[in-house]
Every structure is written in structure tokens, then in C-alpha cells.
Amino acid sequence: MPQYTPPLRDMQFVLHEVLAATETLQALPAHAEVSRELADQVLEEGGKFCAEVLFPLNRSGDEEGCTFEAGAVRTPKGFREAWQAFKDGGWPTLTAAPEYGGQGLPAVIGMAFQEMMNSANQAWTMYPGLTHGAYECLKAHGTDAQRALYLPRLVSGEWMGTMCLTEPHCGTDLGMLRTKAEPNADGSFAITGTKIFISSGEHDLADNIVHLVLARLPDAPVGTKGISLFVVPKFLPNADGSLGARNGIACGRIEEKMGIHGNATCEMNLVGATGWMVGEPNKGLNAMFVMMNSARIGVGMQSLGLMEVAWQNSLAYAKDRIQARALTGPKAPDKAADPIIVHPDVRRMLLTQKAYVEASRCFAYWLALQADVAEDGTDEEARKAAHDLLALLTPVVKAFITDNAFLTTNLALQVYGGHGYIREWGMEQYVRDARINMIYEGTNTIQSLDLLGRKVLGDNGAKLKKFGALIEAFVEEHGTDEDMAEFVNPLADLGGKVSKLTMELGMKAMGNPDEAGAAAVDYLRVIGHLVMSYFWARMARVALQKQDAGDADPFYRSKLATARFYFAKLQPETAALIRSARAGSKPLMDLEPELF
Ligand SMILES: Cc1cc2nc3c(=O)[nH]c(=O)nc-3n(C[C@H](O)[C@H](O)[C@H](O)COP(=O)(O)OP(=O)(O)OC[C@H]3O[C@@H](n4cnc5c(N)ncnc54)[C@H](O)[C@@H]3O)c2cc1C
């Protein structure tokens with residue numbers, strides 16, 4: 001059976017030593033009171049909840065799955081009790097605004113908590129994850145009345161939320177969606193259509209489920225410019241907020257699927273369901289983007305959580321499992337064989353996981369800090385810069401971390417040999433759970449098109465230059481420090497290559513849009529490595545500083561060794577990626593479909 005220990009030391013290293021998060025937060029009036037002690041206390045308590053309440057339900061939830069009977073969904077044993085404990089502990093309120101009953105803590109603390117929840121139990125964590133997304137969307141686009149009715153109940157966890165976009169014939173291309181919304185005389189709408197794959201669409205955790213549904217008005221223009229957003233509660237609320245009649249939205253079936261068995265993936269049928277418009281007519285996709293962006297970062301956190309827990313277990317196994325002798329002679333002569341961690345390739349598998357998980361954590365928490373500055377900053381220029389960095393790197397946090405999590409959970413499984421493939425050890429569940437994160441919230445291909453097409457070429461590289469400026473400043477500051485050369489040089493080198501590649505792709509894409517489509521996935525991975533290089537260089541600098549100051553904590557030696565591994569063994573992948581990105585669209589587009 002796998003184990004999970006919240007990685008508090010690593011989290012604190014990132015938050016306090018690398019990012020100096022509380023200093024940034026204290027400069028924001030909304031978070032002036034957030035101290036290091038407060039952050040640590042929340043994470044410690046949160047970690048206990050994750051390890052003691054959520055983690056024990058991960059395996060049983062996977063084995064039992066959700067059940068569907070007569071329109072009702074039953075979540076696995078223990079899920080309801082865990083939800084009650086979550087509410088009792090005030091956890092749903094953590095980062096929500098105080099005016100709606102929230103504790104108003106910064107996004108970066110919420111992000112760290114999300115990581116632990118996902119390590120402990122991704123399927124369970126999706127229920128509150130979608131609820132928080134619905135809260136954010138209604139907060140940004142709801143009317144005063146909608147906010148007053150829904151937000152306090154979503155924040156307390158009394159009601160929960162979903163996002164209903166996908167239909168049987170359209171997932172990526174939402175412009176084709178058919179669900180209809182006919183105006184009623186009282187200002188509400190009658191909504192009819194079928195949504196599929198709706199996570200947490202129906203369940204037994206909360207009294208009411210608040211669906212955010214995309215649909216078309218009768219006179220809507222075709223395509224994405226004709227989509228509106230509606231709030232459609234499972235039970236129609238009375239004027240005082242108590243539950244009234246059952247609405248015309250119901251679950252028709254739940255999917256049998258590869259992983260996340262504890263989360264109900266529902267077909268939702270709407271038959272004249274009563275809904276209320278959120279935001280403006282035909283601008284629904286824009287409004288929904290609040291929820292989608294939040295969910296995209298959330299999916300990155302799902303994968304960060306999975307990477308961490310799989311890594312912890314494979315490391316423990318590699319130290320315990322004995323098999324064969326080290327190539328350089330016995331390392332554990334008292335035993336029949338050496339622990340497998342002596343073998344170079346087992347180390348490659350372990351260090352690959354460690355390098356990706358630790359830099360991804362730094363990246364994700366830093367991005368959450370940008371979200372805090374964008375939301376609560378008082379300096380307009382700093383807010384805009386943070387907003388741009390967030391927009392630029394959201395597809396990277398989503399796609400790069402989820403791609404790597406599938407890779408690293410597979411490596412964790414591989415460390416176990418045949419035992420990794422056997423259910424009892426728990427590793428195969430992590431691989432199965434990690435796989436969906438590359439697909440939903442916009443497939444990773446769509447993330448890469450968003451990055452290269454919209455975020456980079458769409459504004460002539462202005463946002464990318466803002467990230468580049470951070471790298472340049474770091475290189476400038478540490479470029480002459482000899483001890484830092486092994487980290488700064490490959491970072492600067494990759495930065496230069498990214499600038500050249502971006503210009504080249506921009507020119508090619510002007511002549512032929514397929515050029516962007518052909519290069520986008522490689523390009524996102526290159527940018528992902530630029531991000532990893534930047535954060536590994538920053539972490540290495542902190543570790544070197546500590547060592548120079550006489551701190552003998554082996555923690556810092558471990559950081560430096562991992563940074564060296566990253567630059568020696570993982571970053572070089574970018575050479576092949578750049579070559580492949582430059583190969584252009586011809587090798588992909590030459591062949592007619594009938595000749596495939
Ligand atoms: C377990 C699970 C939970 C989900 N939860 C939700 C939910 O809560 N709410 C919700 O609304 N949806 C949800 N989804 C749906 C999910 O978001 C979609 O499956 C996803 O967006 C892809 O859509 P699709 O399945 O229709 O694939 P398609 O859009 O048909 O895509 C098929 C393939 O074509 C590629 N492709 C499509 N268009 C392009 C393009 N322009 N360029 C390059 N490649 C392209 C895709 O990348 C993909 O590889 C969930 C799905 C699953 C499996």
C-alpha cells in the first residue's frame with residue numbers, strides 16, 4: 001500500500017526561501033497580515049487533513065468507484081464523511097472572499113493545499129475543485145442577486161458546483177454546441193440539451209448542485225460568438241435560499257473509465273431546465289474562461305500532487321528493494337543483494353521525478369503568487385505584468401506538468417518492476433489517474449496552440465518578453481558568479497534559442513498557419529523547459545547561498561545535485577524539440593488522409 005507524507009519542508013523551501021512569498025503578500029493590502037507562521041500552520045493542518053482523511057480513501061474510492069441507480073449517484077464509502085469533515089474544518093472557505101464567508105487567504109496558500117489534496121486523493125478533490133471554479137466564475141460575472149444567493153453557499157460547501165461545456169458532438173470546438181436556452185416570461189430561461197463527461201455532475205455530497213451551463217439563445221450567431229452562460233441549480237432555490245422544486249436537469253448515466261473512479265463523470269440531460277443568464281448574452285465563453293483558467297491551473301496541481309506521491313513511494317521502494325549488485329561492487333555486503341537505488345538507471349528514474357516535481361512546485365506556487373498580485377496588487381503596472389505572466393503560463397502549467405506527471409508516474413511504476421503493474425502497490429492507479437489530466441480542460445494540444453498562437457504570436461511576443469525579462473535580470477545578476485555558471489549558462493543559452501525559435505515560427509506562421517499547428521506541441525515543451533531551467537537556477541542559487549553561509553543541512557546538497565541532474569540530463573531534450581519544431585509542417589501535411 002502506498003504512503004503519503006505532506007512534503008512540508010519542500011513547500012516551505014519554495015514559499016519562504018526561494019519565492020519569499022510572504023514578503024510579496026504583505027505588500028498587498030488584502031494579505032498584509034499573512035505571515036510565514038500563518039502559512040506554515042495552515043499547511044501543516046491542511047497536510048494532516050490530506051494524509052489522515054483523504055489519503056485512506058484513495059485506494060478504496062478507486063476500487064469501489066461511483067454507482068448510479070435511478071438517477072442518483074452514490075460516491076464511494078467515506079467520501080461523504082470526508083466532505084463533512086472538510087466543511088467542519090472550514091477548508092472550503094480558505095481562499096474565498098470574506099464578504100461571502102471566506103477566510104480570504106492568498107491563492108498561493110490555496111495552491112499548496114491543493115497540491116496535498118491531489119496527492120492524497122485526486123478523485124475526491126475534484127468535487128471541491130469544481131465548486132471553487134464555479135464560485136470564481138459567479139463572483140466575476142454574476143449579478144448582485146446571483147452572488148448573494150450562490151456564493152455564501154458555495155463557499156461554505158453547503159452547495160457544490162460543476163462546469164457543463166462538453167456535448168456528444170463537441171468538446172474542443174465549443175462553437176458547435178447545440179444546447180438551447182429559450183427565454184421565459186419571468187427573465188429566466190428554459191434550457192434543453194445534453195451535456196456529457198460532466199465531472200461531479202451528480203453525487204450525494206451536498207444538498208444542491210449548481211451547474212454552470214453553456215447554451216445558445218434562439219437568435220444567437222453561429223460559432224463561439226453565439227454562446228451564453230447560465231446558472232442552473234439542481235434544486236430551484238426559494239426566495240430565502242431554501243431548496244424548492246427539483247429542476248429539469250438530471251444525470252442519465254455515469255461513465256466507466258480508466259481512472260479517477262471516485263469522481264462521477266456524468267451525462268447530464270436538461271429538459272426545459274430553469275436557468276439564469278450569467279454575464280452578457282453571447283459572451284458566455286468569455287465568462288466561462290474564468291472557470292476554465294482556474295480549472296487549468298487546478299489540473300496542473302492535480303498532476304503535481306500525483307507526481308509527488310508517486311515519487312515518494314518509488315523512492316522508498318528503491319531504498320528497500322534489493323536486487324543485484326552495484327556495478328562497482330557490493331554496497332550492502334551484509335545483504336544478499338544491493339538496494340536497487342545503487343543502479344544508475346534506477347537513479348535516472350528517481351531523479352527525473354524529483355527534478356520535475358520540485359521545479360514544478362516552484363513554478364506553480366510562483367504562478368499563484370502572480371495571481372495574488374494580479375488580483376490584489378495596488379500598483380497598476382505590477383498588476384498588469386502579473387496578469388500577463390499568468391495568461392502566458394497557464395497553458396504551460398496545465399500541459400507541461402500534466403505531460404510530465406504521466407511520464408513520472410510511469411517511471412515510479414517502473415521503479416517497482418513487475419510489482420508496479422500489480423494493483424496492490426498502488427502505482428498503477430497514479431498512472432491511470434494522471435492520464436486524464438492531459439485531456440480535460442482543453443487537451444494538451446489545445447494548450448500548446450493557445451500558448452503559441454494566442455499568448456505568444458497573438459501579441460507579438462510581448463508577454464513572452466516579460467518572462468524573458470525576469471530571466472535576463474537573473475542572468476545579469478548571477479552571470480559573473482562562477483559557482484552559478486553551470487546553472488546560469490544553460491538558462492541563458494536556452495533563453496536565446498527560444499527568442500530565435502519564436503521569431504522563426506512567427507515568420508513561418510504568417511505564410512502558413514499550419515506551421516504554428518505543426519510546431520506548437522514541441523514549442524510548449526521547450527517553454528516548459530525554459531521555466532524549469534529558470535526555477536532550477538533560482539533554487540540552486542538559494543542552496544549555494546546557504547552552503548556558503550555554512551549551513552550543512554544535506555537538504556541543500558540534494559537541491560544542488562538535482563539541479564545538476566536537471567541541466568545535464570533533462571534540459572538537453574530541448575535540442576531535439578527545437579529541431580523538430582523547426583522541421584515545419586511539410587512532414588506532417590504532405591500525405592493525403594486516404595494514403596495514411
Ligand atoms: C473524465 C472526464 C471528465 C471531464 N470533465 C468535464 C467537465 O467537468 N465539464 C466539461 O464540460 N467537460 C468535461 N470533460 C470533457 C473534456 O474537456 C473533453 O473530452 C476535452 O475537451 C476534449 O474534447 P473531446 O473529447 O470532444 O475531443 P475532441 O475535441 O473530439 O478531440 C479529439 C482529438 O483531436 C484533437 N483536436 C481537436 N481539435 C483540434 C485542433 N483544432 N487542433 C489540433 N488538434 C485538435 C484533440 O486534441 C484530441 O486529441 C471531461 C472528460 C473526461 C474524459
Side-chain angles (χ1 to χ4, degrees), residues 62 65-66 73 122-123 125-134 137 160-179 193-203 209-215 223-224 227 229-230 232 249 251 253-268 270 284-285 288-289 291-296 298-299 302-303 395 398-399 402-403 406 432-454 509 513-524 585 588-589 593:
D62 180 59
C66 293
V73 171
Q122 171 171 331
T125 301
M126 288 172 70
Y127 295 100
L130 285 152
T131 302
H132 190 72
C137 184
M160 295 176 82
T162 75
M163 58 191 290
C164 301
L165 287 67
T166 306
E167 298 183 5
H169 63 288
C170 75
T172 301
D173 186 357
L174 292 170
M176 294 197 292
L177 73 80
R178 292 184 193 139
T179 297
T194 298
K195 298 286 177 182
I196 60 163
F197 297 165
I198 305 307
S199 300
S200 319
E202 177 61 41
H203 54 76
I209 302 176
V210 179
H211 303 281
L212 289 179
V213 178
L214 290 180
T224 51
I227 297 174
L229 177 63
F230 300 87
V232 182
I249 179 165
C251 178
R253 49 173 280 171
I254 59 173
E255 305 296 341
E256 294 288 327
K257 55 193 191 292
M258 180 176 176
I260 53 165
H261 290 150
N263 190 270
T265 306
C266 305
E267 176 191 274
M268 299 304 295
L270 297 99
L285 210 51
M288 196 55 146
F289 255 111
M291 188 164 186
M292 282 152 76
N293 278 332
S294 155
R296 284 174 180 179
V299 173
Q302 293 181 328
S303 279
K398 196 283 183 181
T402 61
D403 279 349
F406 188 60
R432 286 187 287 105
D433 286 356
R435 189 62 184 84
I436 185 58
N437 300 346
M438 299 156 77
I439 297 172
Y440 58 21
E441 279 323 315
T443 63
N444 285 359
T445 300
I446 298 307
Q447 304 301 323
S448 70
L449 292 170
D450 181 40
L451 174 71
L452 180 58
R454 281 186 58 221
D514 269 345
E515 292 293 338
V521 167
D522 290 330
Y523 184 80
L524 185 143
S585 64
L588 296 168
M589 305 312 283

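Values below: every heavy atom of this structure, side chains too, minus hydrogens, waters and symmetry copies. These figures come from a predicted structure and were not determined experimentally. Counting starts at 1 for both ligands and their atoms, following the listed order.
- Close N/O approach between Ile198 and ligand 1 is not found [any backbone or side-chain N/O within under 3.5 Å].
- Nearest non-hydrogen protein atom to atom 20 (C) of ligand 1 is Ile439 O, 3.8 Å.
- One side chain, Thr179 or Glu167, offers a donor N or O that lies under 3.5 Å from an acceptor on the other.
- Ranking protein heavy atoms by distance to atom 48 (C) of ligand 1, first place goes to Thr443 CG2, 4.0 Å.
- At the top of the distance list for atom 4 (C) of ligand 1, counting protein heavy atoms only, stands Phe197 O, 3.0 Å.
- In terms of N/O distances under 3.5 Å, ligand 1 is approached by Thr166.
- Between the side chain of Arg296 and the backbone N or O of Pro395, no donor-acceptor pair lies under 3.5 Å.
- Protein heavy atom closest to atom 8 (O) of ligand 1, with residue, atom name and distance, is Ser199 N, 3.0 Å.
- Between Ile196, Leu165, Asp173, it is Leu165 that holds the heavy atom closest to atom 11 (O) of ligand 1.
- In terms of polar-atom proximity, defined here as any N/O pair under 3.5 Å, Leu130 makes no such contact with ligand 1.
- Within the listing of ligand 1, atoms 1 (C), 2 (C), 52 (C), 53 (C) sit less than 4.0 angstrom from a heavy atom of Ile436.
- Of all protein heavy atoms, the one closest to atom 43 (C) of ligand 1 is Thr445 CG2, 3.6 Å.
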(request) Starting from the C-alpha separation in whole Å, work towards a yes-or-no answer on side chain to side chain donor-acceptor pair (under 3.5 Å) for Lys195 and Thr166. (result) CA-CA 6 Å; Lys195 298 286 177 182; Thr166 306; over 6 Å; no
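- Looking at heavy atoms from C-beta onward, Thr162 lies out of side-chain contact with Val210 at the 4.5 angstrom threshold.
- Annotation: side chain of Met163 is not in contact with side chain of His211 (no heavy-atom distance under 4.5 Å).
- Some N or O of Thr172 is nearer than 3.5 Å to an N or O of ligand 1, by distance alone.
- In this structure, Lys257 and Thr265 have side chains that are in contact, with non-hydrogen atoms separated by less than 4.5 Å.
- The main-chain N or O of Gly65 is never found under 3.5 Å from a side-chain atom of His261 such that the two would form a donor-acceptor pair.
- Contact annotation for atom 53 (C) of ligand 1: protein present (non-hydrogen atoms, distance under 4.0 Å).
- A 6.0 Å sphere centred on CE of Met589 holds no more than 12 heavy atoms belonging to other residues, nucleotides or ligands.
- Within the 4.5 Å cutoff, the side chain of Asn444 has heavy atoms near those of the Asp403 side chain.
- Atom 30 (O) of ligand 1 is not flagged as protein-proximal [any protein heavy atom, distance under 4.0 Å].
- Close contacts of ligand 1 with Glu441, meaning ligand atoms under 4.0 Å from a residue heavy atom, involve 17 (O).
- At the top of the distance list for atom 40 (C) of ligand 1, counting protein heavy atoms only, stands Ile446 CD1, 3.9 Å.
- Taking a cut-off of under 4.0 Å to the non-hydrogen atoms of Gly171, the atoms of ligand 1 that pass are 23 (O), 24 (P), 26 (O).
- Looking only at heavy atoms of the protein, atom 9 (N) of ligand 1 is closest to Met163 O, 2.8 Å.
- Side-chain atoms of Gln302 and Asp433 form no donor-acceptor pair, as typed in the model, at a separation below 3.5 Å.
- Distance remark: protein heavy atom not present below 4.0 angstrom from atom 34 (O) of ligand 1.
- Not one N or O of Thr265 is nearer than 3.5 Å to an N or O of ligand 1, by distance alone.
- When side chains are defined from C-beta on, Met258 does not count as touching Ile436, because their heavy atoms never get closer than 4.5 Å.
- A donor-acceptor pair under 3.5 Å links the side-chain atoms of Gln447 to the main chain of Gly442, judged by distance alone.
- The closest protein non-hydrogen atom to atom 42 (N) of ligand 1 is Leu449 CD1, 3.5 Å.
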